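Structure first, commentary second.
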Amino acid sequence: MKKVRKAIIPAAGLGTRFLPVTKSMPKEMLPIVDKPTIQYIVEEAIASGIEDILIVTGKGKRAIEDHFDFAPELEQNLREKGKLELLDKVQYSTNLADIHYIRQKEPKGLGYAVWCARNFIGDEPFAVLLGDDIVQSDTPCLRQLMNIYEETHSSVIGVQTVPDNETHRYGIVEPSVQEGRRYQVDNFVEKPAPGTAPSNLAIMGRYILTPEIFTILDKQQTGAGGEIQLTDAIQKLNQIQRVFAYDFEGKRYDVGEKIGFVKTTIDFALQNPELRSELLTYLDEVMDELKVK
Ligand code: G1P
């Protein structure tokens, strides 16, 4: 059996939900406390056992490459000032992983971004991690999916349950047989119209796929939103080989939209021992002020 060694992180999106900040800054570089969101994703991939990462970038994304690059002048400056803890943090992001980059020329959808990575992946199973979803869990989310791949040798898609009023924002699976947290799937539907979703199990930005997906993406037509949809290609893959859904364990944070981003920032700050007590005091004050009004 071929191992899952490589991962794709699509990062070519325009980040329109965060305009104007994303006018000149990649949304993947927005910080949760002091780390850009994309670093959390790279860390999950590495913690799961991924060896090589390809980030699919586009125009205006240079800051991502700089972030994971060697920064000799900055390092020198921190060393001279004795700021060794910060130096560690800077070096950590440089040494984290072997990261490769490819530029997607047009923003034509997630399916297209994955297709751009076909030569990097070749003929082996691989992972896709989307930057809008950060997952905190005991076993890294991607590792959970890799375990299922090692058991079944099949593609597997990470899902979690969402409320009825949110199904239209996601790829949704129509499950057939449930085996613990794992599901066999009849259909994968990208962003079903409100009230038409076949279940509440939503695709959450973590995938293990077999390379046959590329043959399908070669011919994939545009779908929802006029984009080439990965979910549509997965639906076709599921007709020629099994694709499982896996209800992974862990708390998923949606950093792809404003309210999710703010909640994530608060939660992560509360987990940070340097910030926790001051933030709690501040939140109490805010709540008290609101009650007075
Ligand atoms: C993408 C996928 C969708 C998935 C979602 C998870 O949509 O197309 O199937 O449920 O990510 O975050 P996007 O949010 O990029 O529109």
Side-chain angles (χ1 to χ4, degrees), residues 7-19 22 26-28 30 37-38 40-41 44 55-58 104 106-117 127-136 141-142 145 155-175 183 185 187-194 196-209 213 216-217 220-238 243-248 250-261 263-264:
I8 306 172
I9 303 179
L14 299 176
T16 40
R17 284 184 200 142
F18 286 93
L19 281 169
T22 45
K27 74 166 177 182
E28 295 76 11
L30 293 175
T37 56
I38 194 162
Y40 291 93
I41 307 297
E44 182 190 321
I55 301 184
V56 183
T57 67
Q104 178 181 328
E106 294 165 82
K108 289 206 287 199
L110 180 59
Y112 180 70
V114 170
W115 182 78
C116 288
V128 179
L129 299 100
L130 304 188
D132 285 350
D133 304 291
I134 294 180
V135 182
Q136 281 194 327
C141 176
L142 189 68
L145 301 189
S155 298
V156 48
I157 316 298
V159 297
Q160 278 198 340
T161 302
V162 296
D164 288 343
N165 62 355
E166 287 183 18
T167 50
H168 67 281
R169 293 178 36 208
Y170 296 96
I172 299 289
V173 307
E174 180 175 355
Y183 295 86
V185 178
N187 288 297
F188 293 85
V189 192
E190 181 64 11
K191 304 204 172 82
T196 68
S199 82
N200 291 54
L201 293 172
I203 298 175
M204 289 303 179
R206 296 295 183 275
Y207 310 75
I208 304 291
L209 295 168
I213 195 83
I216 297 169
L217 285 170
Q220 188 63 50
Q221 306 289 314
T222 52
E227 297 191 335
I228 297 179
Q229 295 293 350
L230 184 60
T231 306
D232 295 346
I234 292 170
Q235 163 75 356
K236 288 193 185 133
L237 185 65
N238 191 37
V243 179
F244 288 104
Y246 185 73
D247 184 2
F248 60 83
K251 181 160 167 73
R252 170 249 177 189
Y253 290 93
D254 181 3
V255 295
E257 51 140 33
K258 277 179 256 190
I259 185 69
F261 187 87
K263 288 180 186 172
T264 311

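In listed order, ligands and their atoms are each counted from 1. Here the structure is a predicted model, which is why all the values come from computation and not from measurement.
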What residues form a side-chain hydrogen bond (donor to acceptor under 3.5 Å, both in side chains) with Asp232, not counting sequence neighbours?
none
for atom 10 (O) of ligand 1, nearest protein heavy atom and its distance come out as Ile203 O, 2.6 Å
Proximal ligand 1 atoms for Gln229, defined as those under 4.0 Å from one of its heavy atoms:
8 (O)
Is there at least one pair of N or O atoms, one from Asp133 and one from ligand 1, spaced under 3.5 Å apart?
yes
Thr231 neighbourhood, listing ligand 1 atoms whose heavy-atom distance to it stays under 4.0 Å:
9 (O)
Arg169 near ligand 1 by a heavy-atom separation under 4.0 Å
no
For Leu130, is the nearest heavy atom under 4.0 Å from an atom of ligand 1?
yes
Just distances here: any N/O of Arg252 and N/O of ligand 1 closer than 3.5 Å?
no
Numbered in order shown, the ligand 1 atoms found under 4.0 Å of a heavy atom of Gly171 are 3 (C), 4 (C), 9 (O), 10 (O)
Is the shortest heavy-atom distance from the side chain of Leu14 to the side chain of Thr22 under 4.5 Å?
no
Among Ile157, Val185, Ile208, Val173, which residue satisfies the side-chain contact (heavy atoms from CB on, under 4.5 Å) criterion with Val243?
Ile157
Where is the nearest protein heavy atom to atom 9 (O) of ligand 1: which residue, which atom, and how far?
Glu190 OE1, 2.7 Å
Kindly say whether Ser199 contributes a backbone atom to a donor-acceptor pair with the side chain of Glu174 at under 3.5 angstrom?
no
Could you tell me if the ring centre of Tyr253 sits under 6.0 Å from that of Tyr40?
no
Looking only at protein heavy atoms, identify the closest one to atom 7 (O) of ligand 1 and say how far it is in Å.
Lys191 NZ, 3.3 Å
Using the salt bridge (charged side-chain N to carboxylate O under 4.0 Å, His left out) definition, which of the options Asp132, Asp133, Asp247 pairs with Arg252?
Asp133
Mind checking what makes side-chain hydrogen bond (donor to acceptor under 3.5 Å, both in side chains) contact with Asn165, not counting sequence neighbours?
none
